[in-house]
Structure formats: C-alpha cells, structure tokens
2 protein chains.
Amino acid sequence: MDIIEKCDCTTIHEDTVKKVKNSMPDEDCLYNLAETFKILSDNTRIKILYALLNSDMCVCDISALLNMTQSAISHQLRVLKQARLVKYRREGKSVYYSLDDEHIKSIFDQALIHINEK
Amino acid sequence: MDIIEKCDCTTIHEDTVKKVKNSMPDEDCLYNLAETFKILSDNTRIKILYALLNSDMCVCDISALLNMTQSAISHQLRVLKQARLVKYRREGKSVYYSLDDEHIKSIFDQALIHINEK
DNA sequence: TGAAAATATGAATATATGTTCATATGTTAG
DNA sequence: CTAACATATGAACATATATTCATATTTTCA
C-alpha cells in the first residue's frame, strides 16, 4: 500500500490510479500551468491585456480607460511584466506597455469557446 | 472631462483611450473570462482535470492519486462541477467524475505554448 | 537647479480562497 | 434495520492577493 496515504477510503481502482499517475505531466508543468492561469484570473489584468491587444498604452491611459487609480494599474502591470505577458518602453515621462506574447489572444479565444458553449 | 476620473494624471492620448474603449468586450465577457481562469488557477484543480483527461475516476481514486484528503478533493470537485468543467455519475457508493468540456485540453495546450516559449 | 508630471513601490487593509476537521448524507451488504 | 463505506458539506483557520495610501523615483521643462 504505497499509493494510499491521506485517502481514508479503500482505493477501488488501483490499476486506474497507476495508469493515470503515469500519464500525469510533471509537477513543474502543472505548477506553471496553474501559475499562468492565476495571472489571467483577475478582472483588472484581463482588461489590461485586452486593451493592449488593441493598442500600446501608457499607464495613465490605462488608468483612464479602466477608471482605476494609477497605483492599482501600476501594481498589476508589474505582475503582468513579471509573468512576461507585457513589455514596456520608456518615452520621456511616460512608460508604454505592450503585449509580449502573441498567444494571449489564442488562450482567450479557447476560454471563450468554453464559456459560450454553456 | 468624462474619461478621466480616478486617474490623477493628464490623459495623453484621449483618442487612443476612446478607440480602445470601443474595442473592449463587454463587462460580462471579461468577467467570465477571469472567472474561468480563476477556476484553472489552482494546482489541485489542474491536477484533477489532467487526471480526468486520461480517465474517469471516483473521488477516492483521485484522493489516492494526488495524495490528498477526500474532503479537499471533494471541495475542489464541487468548484469544478459548478464551473461545468466536470460532470459526475453515481455508481453504488462511488461517484465517478469525468470531464464535461472537450476544450479543456485546448486551453491547456495554448497555455503550455506560452509557458514553453519563455 | 527646482518644480511638475508620470510611474513605481512598500506597508496596510480588506477580502477571497484552499485545506482541515467534524459531521452529515447517501448507498450497500449482512 | 444497522453497520460500514464513499462522498458531501459547513465552520474555522491560515494564507494569498487586490486596492489604497503615502511616498519614492525618474524625466522633462522652465
């Protein structure tokens, strides 16, 4: 009994568990997936990404667009930056943010297919 | 000055803001997107979904597979059920869960493309 | 150089959420 | 019916995180 530990019930399908266990991606992969979705799980960040999908924007413009404080936007841009979803360039006093990943739209589209089917 | 409210700086590109504003999906759509990703943003739920991608499983089997308590798994299955990502069928004392969305794999794959490019 | 503008950031607060624990519910076998 | 098993669930707790507030940093312009 090496498989059962925290489960307090009798495993019914030990063969199934073993088969599935072998098919599971490695921990890192699963962790990275969850982390990626965590970045996308916030309303403000989704809005920022959709905005940048249309046009590069400076922090001030994004704040105005979403009617949120510059600080809140700046904090979220940092999260998106660290996740390498956006990049930035400085132009004078302004900092312009833009998308750093061409697949964001594809991820959104796939999720929308799920949403629209329900 | 109808655009600027919480933003304490002068909007530099009012035209850009207006253009992007018009291109933004409606609030519901954006909210649903964030909610969908929120469901996928947890390690345990990702693992459950990947497991079910391979085979239908009862709660006990999933608990054994992930080495987690039956209660923790059951709570997460409820979240996945409410999000219509999984469905279930009762067979005797066991409850078997299975995927309720063929697009999950596609969503995962798109996210993995993003991950693997960095 | 000094003031103003745009952005970044640390600390604090409030809220959301994942797991645990105890227990309830539902099902089958004896 | 009762005991045993599988699952579900409510409350509590701990942790994570989004926003706010105050302030620091960076850049431009007078």
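Lettering follows sequence order; numbering is per chain, from 1.
Between B:Asn67 atom CG and C:dT20 atom P there is a gap of 10 Å when expressed in whole angstrom units. Note: CG (B:Asp42) to C1' (D:dT15) measures 13 Å, nearest angstrom. Between the NZ atom of B:Lys47 and the C1' atom of C:dG18 there is a distance of 13 Å, rounded to whole Å. When rounded to the nearest whole Å, the span between CG of A:Leu77 and P of D:dT19 equals 12 Å. We find that OH of B:Tyr88 is positioned 11 Å from P of C:dT27, with the value rounded to whole Å. Rounded to an integer number of Å, the gap from CG of A:Leu80 to P of C:dT9 is 14 Å. Summarising the geometry, the separation between CZ on A:Arg78 and P on D:dT17 is reported as 12 Å, rounded to the nearest angstrom. Counting to the nearest Å, the P atom of C:dT20 and the CE atom of B:Met68 are 6 Å from each other.
A distance-only check finds no donor-acceptor pair linking the side chain of A:Arg45 to the backbone of A:Lys47 [under 3.5 Å]. A:Ser74 places no side-chain N or O within donor-acceptor distance of the main-chain N or O of A:Gln70, the cut-off being under 3.5 Å.
Interface residues of residues 24-39 of chain A facing DNA chain D, ordered by number: A:Lys38; criterion, heavy-atom separation under 4.0 Å.
OP1 or OP2 of C:dG18 lies within a sub-4.0 Å distance of a side-chain N or O belonging to B:Arg45. Within the 4.0 Å cut-off from OP1 or OP2 of C:dA6, not a single side-chain nitrogen or oxygen of A:Ser94 is found. The side chain of A:Gln70 places no N or O atom within less than 4.0 Å of a non-bridging phosphate oxygen (OP1 or OP2) of C:dA6. In this structure, A:Tyr97 reaches the C:dA8 phosphate: one of its side-chain N or O atoms is under 4.0 Å from OP1 or OP2. Not one side-chain nitrogen or oxygen of B:Ser71 sits closer than 4.0 Å to the OP1 or OP2 atom of C:dT20. Residue B:Thr44 places at least one side-chain N or O closer than 4.0 Å to OP1 or OP2 of C:dT19.
Candidate nucleotides C:dT19, C:dA8, D:dT7 were compared by shortest atom distance to the side chain of B:Ala72, and C:dT19 ranks first.
Listed here is the closest heavy atom pair of A:Met57 and A:Asp61: CE-CB, 3.7 Å. Closest approach of A:Ser106 and B:Gln110 over heavy atoms only: CB-OE1, 3.1 Å.
Going from atom CZ of B:Arg84 over to atom NE2 of A:His114 covers 9.5 Å, rounded to the nearest 0.5 Å. Rounding to the nearest 0.5 Å places CG of A:Leu85 at 6.5 Å from CD1 of A:Ile39.
Residue B:Ser74 is classed as a base contact, given a heavy-atom separation below 4.0 Å to a base.
For B:Tyr96 and A:His13, the ring centers sit closer than 6.0 Å to each other.
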Quiz item: When every nucleotide of nucleotides 24-30 of chain D is labelled 5' to 3' by its protein contacts under 4.0 Å (heavy atoms), B for base, S for sugar-phosphate only, - for none, what sequence of letters results?
Solution: --SBS--
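A tilted orientation is assigned to the rings of A:Phe108 and B:Phe37, their planes being inclined by 30° to 60°.
For the pair A:Val20/A:Thr16, a side-chain contact is recorded, criterion being any heavy-atom separation below 4.5 Å from C-beta on.
Relative to the ring axis of A:Tyr88, A:Lys81 places its NZ or CZ within 45° and under 6.0 Å from the centre.
Judged by centroid separation below 5.5 Å and plane tilt below 30°, B:His75 stacks onto the base of D:dT9.
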